[in-house]
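To start, the structure under review is shown below, and the notes come after it.
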Amino acid sequence: MTAAADQAGEIILRTRGVGKTFGKFVALNNISAEFARGAITSIIGPNGAGKSTYFNLLCGAFPPSNGSVEFEGKDVTGLPQHRFAHMGIAKSFQITSVFPQLTTRENIRVGLQALVSRYDIWRPRARLTELVERADALLALVGLWESRERAAKTLAHGEQRALEIGMALASQPRLLLLDEPTAGMSPEETRTMMDLIVKLAKERTVILVEHKMKLVLGISDRILVLHHGELLAEGTPQEVRQNEAVKRVYLGQREH
Amino acid sequence: ALAVSPFRINLLQAEEAPIKIGFPVPLTGPYGAEAQDQVRAGQLAVAQFNDAGGLNGRKAELVVRDDKLNPGEAATRTLELVEKEKVNFVVGSLSAAVQLAINNVTKERGVIFNSISQSDAINEAADFSKYTFHEALNPHMTSGAVGRYAFTKFGKKVAFLTADYAYGHEMVRGFLEVGKEFNIENLGDIRHPLGTTDFSTLLPRLQSLKPDILCISNFGRDQQIALKQATDFGIKKSIQIIAPLLSHASRVAAGPQAFEGVVGGCSFYWGIDDKFASTKAFNDAFRKMYDGKLPTDYGALGYGGVRTVLEAVKGAGSVETDKVVTALEALKYDYYKGPQYYRKCDHQSVQSVLVIKSKSKDMKNESDVFEVLSTEEPNEKNLRTCEALGHKS
Amino acid sequence: MAGLSFDLIALQLFAGLALGAIYVLFAIGLSLIFGMLTVVNFAHGAFYMVGAYVGLYLISIGGNFWICLVAVPLLIGLFGLGVERVLIRPLYGRGIDYPLLLTFGLSYVMVECVRIFFGKTGYPFDTPEILQGAVNIGVGYFPLYRLFVIAATAVVLLALWLFLEKTSFGLIIRAGARDPQIVRVLGVDVSRVWLIVFGIGTAIAGLAGLLAAPLQGVIPEMGGTILAEAFVVTVVGGMGSIGGAILAGLLVGVVVGMTSLFAPEMAKVSIFALMAIVLIVRPQGFFGRAGLMS
Amino acid sequence: MLQISKLNAWYGASHALQDISLEVSRGEIVCLIGRNGAGKTTTLKSIMGLMGRTRGSVTFKGEELLRQPAHVRFALGLAYVPEERRIVQGLSVRENLRLGLVASKQKKREAELIEEIAVIFPRLAERMDQEAVTMSGGEQQMLAIARAMIAKPDLIMLDEPSEGIMPVLVDEMFELFRSMKAQGTTVLLVEQNVELALGIADRAYVLDQGSVVHQASAQALLADNEIKERYCSV
Amino acid sequence: MTDATESIKQPDTTTASWYEFATKHRASIVAVVILVFPLVMPFTALAVNILIYGLYALGFNLVFGYLGLLSFGHAALLGTGAYVCGIAIVHFGWSWYAAIAAGLAGGLLMALVIGVLAIRTRGIYFAMVTMALSQCVYYLFYQAVDLTGGENGLRGINVRTIDLFGLRIDFINPMVRYYVIAAFVIAAFFVMSRILASPFGAVIEAVRENEMRARASGYDVTLTRLLTFVLSGGFCGLAGALQALHLSIVPIEILHYETSGLVVMIALLGGMGTFFGPMIGAAVFLVLENIVSVWTVHWQLIVGAIFIACVLFFPAGIWGTLIARGRR
Ligand SMILES: Nc1ncnc2c1ncn2[C@@H]1O[C@H](COP(=O)(O)OP(=O)(O)OP(=O)(O)O)[C@@H](O)[C@H]1O
Ligand SMILES: Nc1ncnc2c1ncn2[C@@H]1O[C@H](COP(=O)(O)OP(=O)(O)OP(=O)(O)O)[C@@H](O)[C@H]1O
Ligand SMILES: [Mg+2]
Ligand SMILES: [Mg+2]
C-alpha cells in the first residue's frame, strides 16, 4: 500500500469560488469543491458546461479570473503551469496533444525526464537509462509497446489517445486529470482503459471528465455535475443518476 | 637580340612569373559600372606596360577580384590575392570602408596598396603605413575646391544635407574648413541615413532654412535620389545646389533633369583633353581599346593607380617592395590630367581638382555631361597638413 | 537650428503621411501574399524592380506612363502567376522556410537578369509631364506627383478591399493559409485561389515599382531597400490584415517624418525601433490574430 | 451510389488498406466499425481524396473518383467530417460555416442557410461570433458536422461524430442522421458507439487491419454475439 | 498546419554501407576533413571563412533547427562577438585569447538582452522582432564611431604572433591561422554535440514539437527558449570573435540584416536541424559563391538558380537529404 492510499480521505485539492471569464462570457462561475485523495471523481456536464475550463484551472494552464486553487494545503493559484507539473499534477488533453515528430517512446521519455533533469546541458542523456526503462514500462501499460519506435504523428487516432494518457502518467502525478481519455477509443480499448484508470487510482487521485456514462457511473467514487459554468449537482453515482435536473440537461431519458 | 627568337621569350616568361597586381573592385552591386570602368582602365595601363616591354621583358598582369562592396569580402579577397595569388601589389577599391579594410590587410603583410577611392581616414596616421598610397582625391580636397568656387559666387548662407557616415562627415568638414575663410553662415547640417530612398521628409525642412547654397554631401544612389527629389520639390528655383563630388556614372544614371545646374567637383573629366596632352593620349588609348568609349572619372583613377605602380617598378628596376615605395615617393607624373606626385608624409597624390557643372543642353555625345567651370591646380596647401593627420615631421 | 514654425511641423506631418501612403503601397502586395499564403515573398522587391524596368521598356518603345499604369501590373501579375505555378506551388504546406529560401534565390536571379539585359547602371525615369511640379497644399509646396501616388494607392486599396470583403475570397484565403486540406474538402480549389492571390500580390508590387520609378529612378538594386520597410509595415499592422497594413504604413510614415525633423540620422532605425516596441508590447501586431504562423 | 472495389492505400511505405471493397446505395445509412487503427479513417480519407497513394477504384454516381482532387469530389456531392474536426483557426463560428458554403451550389442565400443550420444546433447560434477554436470540444464537433451539412451533400461521411458529445445530444444527433436519411441524404458513418450506430444503420462493414472482415445488415450484427462482445460498448 | 512530409526520424534496419561506415568513424572523418580541408579549398582564407560561417550557422541552427524559432537577428550576436573581441584588442590591448573569451561572452550577453525582449513572440513575429532589435544594435555600433569606427569599420586588429603555451607562433601564416581557428571550431562542435545529446537537448526538441504539451509536462517553455537562444549567442559570439581575428577588421556589414539572412540560407541549404548541415551549407555556399564569382560577374544568377533548385529538389538540405538516403 502506498502512502497515498494510507491517507485516503484527506483533501488533496480544493477550489474556492473559482471562476473564469472570457471577455464577457462567463465560462465558469464560483465553483467551490473538494477532492479527496485516492478517489476517482468524475466531472460531467453538457457540452460547453465548463469542464475543460475547470480542468485547465486545476492544472494551471491559465489562472482563474477569481477564486483560488489549493493543492495539498498550498495555495497554487496563478503559478505557471510547469510548476503544477512539478508538484504532481498532470493532465491529458481532450484534443490530442503529443510531440508529433518524436517517437512514441521518446514522447514518454521526455515526459519522465521533466522530473529528473530539465536544464542539464552537459551530461549525455543516454546515461539516464532508467528513464528509458520506465518509459518502456509505461508504453506496455497503455498498450503502445509495439508502436514504440513510430513517430507519434503516424499513430491512429485511438493510439494517440492512449499515448496521451501515457504522457500524463509519465510525470508520476499524485493528481491525474483526464479529459475524456477514452474519446475515440473502440469499446474494447475503452474497457482496457477503464481497468487501467481503476488500477491507477489505487495509487493516486484521479479526476475524470467523460461523456461515456456507463464508464463514469461504473468507476467513480463521486461525481460533480457542471452546467452553464455552475455546479449543478454533486454526489455518488447513484445520487447523480437519480437527480432529475441532471437527467433533464444531460443524461436524457434513455437508460445509460 | 633577345626579341628575335620567340622561343627564347617564351622560355623567359615561363621562368619569370608575371608581375601581379591584385585589383579588388565592386564588380557587383550598385557601383558595378564604375568598377567595370576601373578594370578597363587598369587593363589599359597593364597593356601599355607590357607593350613597352614590361620590366626587362617581364610582363604584368591584373588579377581582378570582386569585393562586392563589402569590407569583409574585400579583406578575404585581399588575403586570397596576397596569400594565394602572391600578388606584388594591390590597387583598387571603391568605398572608404573597403579601402581601409584592404589597407589593414596589406600593411600588415608589407604589400603596397594604392587606393583609388575617396577617403580622408586613409591619410591619417592611424591607418597609414609606408605601403599605403592614395591615388584618388580625398573629400577634403574636393570639398575645398568646390567651396572655394561656390562661396564667392552663390552666397554665404549654407545648409547641408549629409549622408551619415565617415565619408559624408569628411566632406562637410572640408566645406566648413574652407567656409571659415569665406565667413559662411552654417544654417544647419541635416544628416540622413546611408541608403535613404526618400528625402521627402527632409526637404521641407531644408527649404524652410532658406539657404543660398545647399551642399549635398553624399554619393551614388543617395545623391541621385536626393537631387531628383530636390528638383521635384522645387528647391533649385531659389537655391544653388553644390556637391563635393559629381560622378560621371551617377549623372548618367539619374539623367540630366535631376542634375541640372548642380555644381560639384571631380578628379577627371575626359573633356579636358584640350588642356593636357596626357588627357588626350589617355582618351585616345582608351577609345582605341574599348570601341570608342570614353573613360570616366573612376576609370582614370584605375589607370593612374596601376600605371604609377608599374612606372615605379620600371624606375626601381625591381618589384621589391621597399624599392618600389622609394620609386613611388620620388615619382612626378602626368598620366591623364596634368602633373601629380605623392606627398611624402601620407602618400596622398597631390593633383588638380576640377569644378564642374552638369549640362542638360548642347551635349555633343553621350559622355558629354559636364562643363568644366574651373580647375584648381595641384597644391599641397589644399591638403590637410601632415601634422593635422597625425604624422610626425 | 532655426525655429520650428507651425507650418513646418504641419508640412512635415503631411510629408510623413504621404510617405506612409507610399509605404502602404509597397507593403500591401507583400502583406497579401505573406498573410494569406504564409509565403514570405523575398522576391517582392524584385517584382517591384522589374515593374519599374518593364515600365521603362514600354516607354522606350513608344508607350506612355498611362499605358504603363495598366500594362505593368498586368504583365508583372502574369509573371507572378507563372512563378507561383512553377516554383511556389510545390512548396505549400512545407512551412514558411522553403518559400522564403526559394524566393530569395529567385530575387537573385531576377535582379541579375535585369542587370544582364539593362545593364548595371540605373536609368532616369521622368515624371509624366502633367504631373510635374509642386502645388500649394496650404502649409507649403508639395510635388504633384506624390499626391498622385497617394491617390493611386487609395484606389488600389479600395479595389482590394472590395475584392476581399465582398467576395468569399478573403475567407477562403484566410482559411486556406491555415488548413488548406479542409478547404479542399469543402470544395474549394485552393491552388487556384492561391495562384490568383499571388498574381494580385505581384501585380501590386509591379505597380508600386512603376509608381516609384519617377520618384527615385530605376536601378537593379531598387527592390532591396523597400523589402525591409515593407516587412515592417506588414508585421506591425498584423499579418494578413489590410487595415493593419494601412494603419501601420501611415504610422511608420509619420514616425519617419517626425524623426526626420528632430533626429534625421535616426530616420531609418526609428522604423525598426517602432517595430520592436510594437511587437514586444503586442506580439501579433495591431490587427494580427495571435497564433498565426507559429 | 458509392462503389469501392479493391481499394488500397499507403502511408509512405506502410500499406494501410488492402483490397477494401464496399458499396453504399442511395438513401442508406452504412456504418464502418472496427478497432483503433483498423483503417476506418483511412477509408474515408481515400474516398474524399486526402490520401497520398491509393490504388483500386472508387466510383460515385458512376464517376471514377480516385484521380480527382478533393474539391471536385465535393462538387459531385460528397461531404466529410474528419475525426480531428479541423475547425479552422482564426475564423469565427460563422466564418467556419460560411466556409462550408463557398463552393456549394445552393440557391438560397448564405444567411438563410446559416439560420437553418442554427436551428438544428442552437448552441452554435449562441456563439456565432466566437473564435471557433476556443469552443468546447463538443461544440467544435457540432460545428464540424454543421459545416459539412450546410451545403446539403448527397453523401455525407462522418468520422466518429459522437466523440465528445454529451449523451442527450448523441441521441439527438443520431435522430438527426435518421432524418437526414429520410430527406434523401446518404450517410457513411464511422462510429465507436457501435450499438447506437447499428441502431440507425441499414448495413455495416467490419474492418480489421486494413481489410473488410465482415459485412452484414445492422440487425444481424446487433444480434451477433461475437460482434457484440468485441465491438459493443462497456 | 498541414500534413507536412518531412523526413521522419525513424531508425531503420537497412542502412547503406557508406552511411554505417560514416557514422561509426564520425570523429576520425571529421578530423581528417578538417586537416586536409584547406588544401582542397581554392585558398586558405576561404577555408577559414567556411569554418567561421559554419560555426555561426551551427549556433543559429540550435535556435532554428532544434528549437524551431526562426531568428532574423543573429547578425547581432555574430557582430557583437566580433566587435567585442576587436575592441578588446584595439582599444584595450587584451591578449588574443582573452579577446576571444570576451567575444564569446559578448555574444551570450547580447543574446540574453535580445532574448529577454523577443522571446514572448512566436513564428514570423519572432523573426521580425529579432530583426528589428538587431537593426537597433547595428545602429548603436554604427554611431559609436570612437569605439567601432562606424561605417569605416573597426581596423587594426593586427595580431601578428600569438602565444601558445609559451610558444610564439606566426599568426600571419595562413596555415597557422587556419589550424588555430579550426581548434576553436572543433571545440565548439564538441560542446554542441554534448548539448544536443544532453537532457536539455531533448527539452529543446520537445518545446519545438509542442509547446503546450511541454508546458504540461513540467517544462518552463519560456526559460528553455531563452536559455537556448543565449547558448546560441555564445556560439555566434565565438564565431564573430574568430572572424575579427581572421580578417583583422570588423566591417559594420557584419551587423547588417543580410548577415542574418545569410545564415538562414546556409542552414537551410545544409539541412536545418542536422548536426553537420550548417558546416556543409557554409562550405557549399561560400565555395560556390567564390568559384562562380571569379568566373562571371553574374554569379548571383547562378547562385540564385542553384538555391531554387535546392529548395525544389533537396528540401531537407544537402546533408539532410544525404542522411535520408543513407538511412534507407
Ligand atoms: N477563449 C474562449 N473565449 C470564449 N469562450 C470560450 C473560450 N474558451 C472556452 N470558451 C467557452 O467556454 C465554455 C466552456 O468550455 P469548456 O471547454 O470548458 O467546455 P466543456 O465542459 O469542456 O465542454 P465539452 O464537453 O464540449 O468539451 C464553452 O461554451 C466555450 O465555448
Ligand atoms: N499519417 C500516418 N502515417 C503513417 N501511418 C498512419 C498515419 N495515419 C494512420 N496510420 C496508420 O494507418 C492505420 C489505419 O489508421 P486509421 O486512422 O485509418 O485507423 P482508424 O480505423 O480510423 O482508427 P481509430 O479508430 O483509432 O481512428 C493505423 O495502423 C495507423 O497507425
Ligand atoms: Mg471539454
Ligand atoms: Mg479514425
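Below, read A as the first sequence line, B as the second, and so on, with proteins coming before strands; counting in each chain starts at 1.
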Under 6.0 Å from the [atom1] atom of [X], do we count more than 12 heavy atoms belonging to anything else shown?
X        : atom1 : result
C/Phe118 : CZ    : yes
B/Lys293 : NZ    : no
B/Lys156 : NZ    : yes
B/Asp362 : CG    : no

Hey, are B/Asp164 and C/Lys268 close enough for a salt bridge, meaning a charged N less than 4.0 Å from a carboxylate O?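 No, this pair does not count.
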
Quick one: which of [options] has the most heavy-atom pairs under 4.5 Å with chain B, could you say?
options                                : value
C/Asp126, C/Val111, C/Asp7, C/Leu144   : C/Asp126
C/Pro214, C/Ala134, C/Gly224, C/Ala263 : C/Pro214
C/Tyr141, C/Tyr123, C/Tyr145           : C/Tyr123
C/Ala15, C/Ala212, C/Pro143            : C/Pro143

Give the C-alpha distance, both sets of side-chain angles, the deciding distance and a yes or no for side chain to side chain donor-acceptor pair (under 3.5 Å) between C/Arg146 and B/Ser200. CA-CA 9 Å; C/Arg146 281 182 186 260; B/Ser200 64; 3.3 Å; yes

Measure B/Gln257 against the heavy atoms of chain C and call it side chain, backbone, both or neither at under 4.5 Å.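 Looking at B/Gln257, just its side chain touches chain C.
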
B/Leu227 versus chain C, the contacting section by heavy-atom distance below 4.5 Å: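 When you check distances to chain C, no heavy atom of B/Leu227 falls under 4.5 Å.
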
Kindly give the heavy-atom pair with the smallest separation between [X] and [Y], and that separation in Å.
X        : Y        : result
C/Pro124 : B/Ala254 : CB-O, 3.1 Å
C/Leu8   : B/Ser208 : CD2-OG, 3.8 Å
B/Pro193 : C/Pro264 : CD-O, 3.6 Å

Segment of [X] engaging chain B (4.5 angstrom heavy-atom cut-off):
X        : value
C/Phe125 : backbone
C/Pro220 : neither
C/Thr259 : neither
C/Glu221 : side chain

How long is the gap from [atom1] on [X] to [atom2] on [Y], to the nearest 0.5 Å?
X        : Y        : atom1 : atom2 : result
B/Gln207 : C/Leu11  : CD    : CG    : 8.0 Å
C/Phe142 : B/Asp232 : CZ    : CG    : 10.5 Å
C/Phe262 : B/Arg205 : CZ    : CZ    : 8.0 Å
C/Leu261 : B/Ile190 : CG    : CD1   : 8.0 Å
B/Thr197 : C/Ile22  : OG1   : CD1   : 9.5 Å

Would you call [X] and [Y] a side-chain contact if the rule is heavy atoms closer than 4.5 Å?
X        : Y        : result
B/Val252 : C/Thr121 : no
C/Leu215 : B/Lys228 : no
B/Asp198 : C/Gln216 : no

Report, by ascending residue number, the residues of residues 244-258 of chain C in heavy-atom contact with chain B at a distance under 4.5 Å; give 'none' if the set is empty.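 Expected list: C/Val256, C/Gly257.
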
Do any of residues 28-36 of chain B come closer than 4.5 Å to chain C, heavy atom to heavy atom, and if so which ones, in number order?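 Heavy-atom contacts from residues 28-36 of chain B to chain C are B/Gly29, B/Pro30, B/Gly32, B/Ala33, B/Gln36.
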
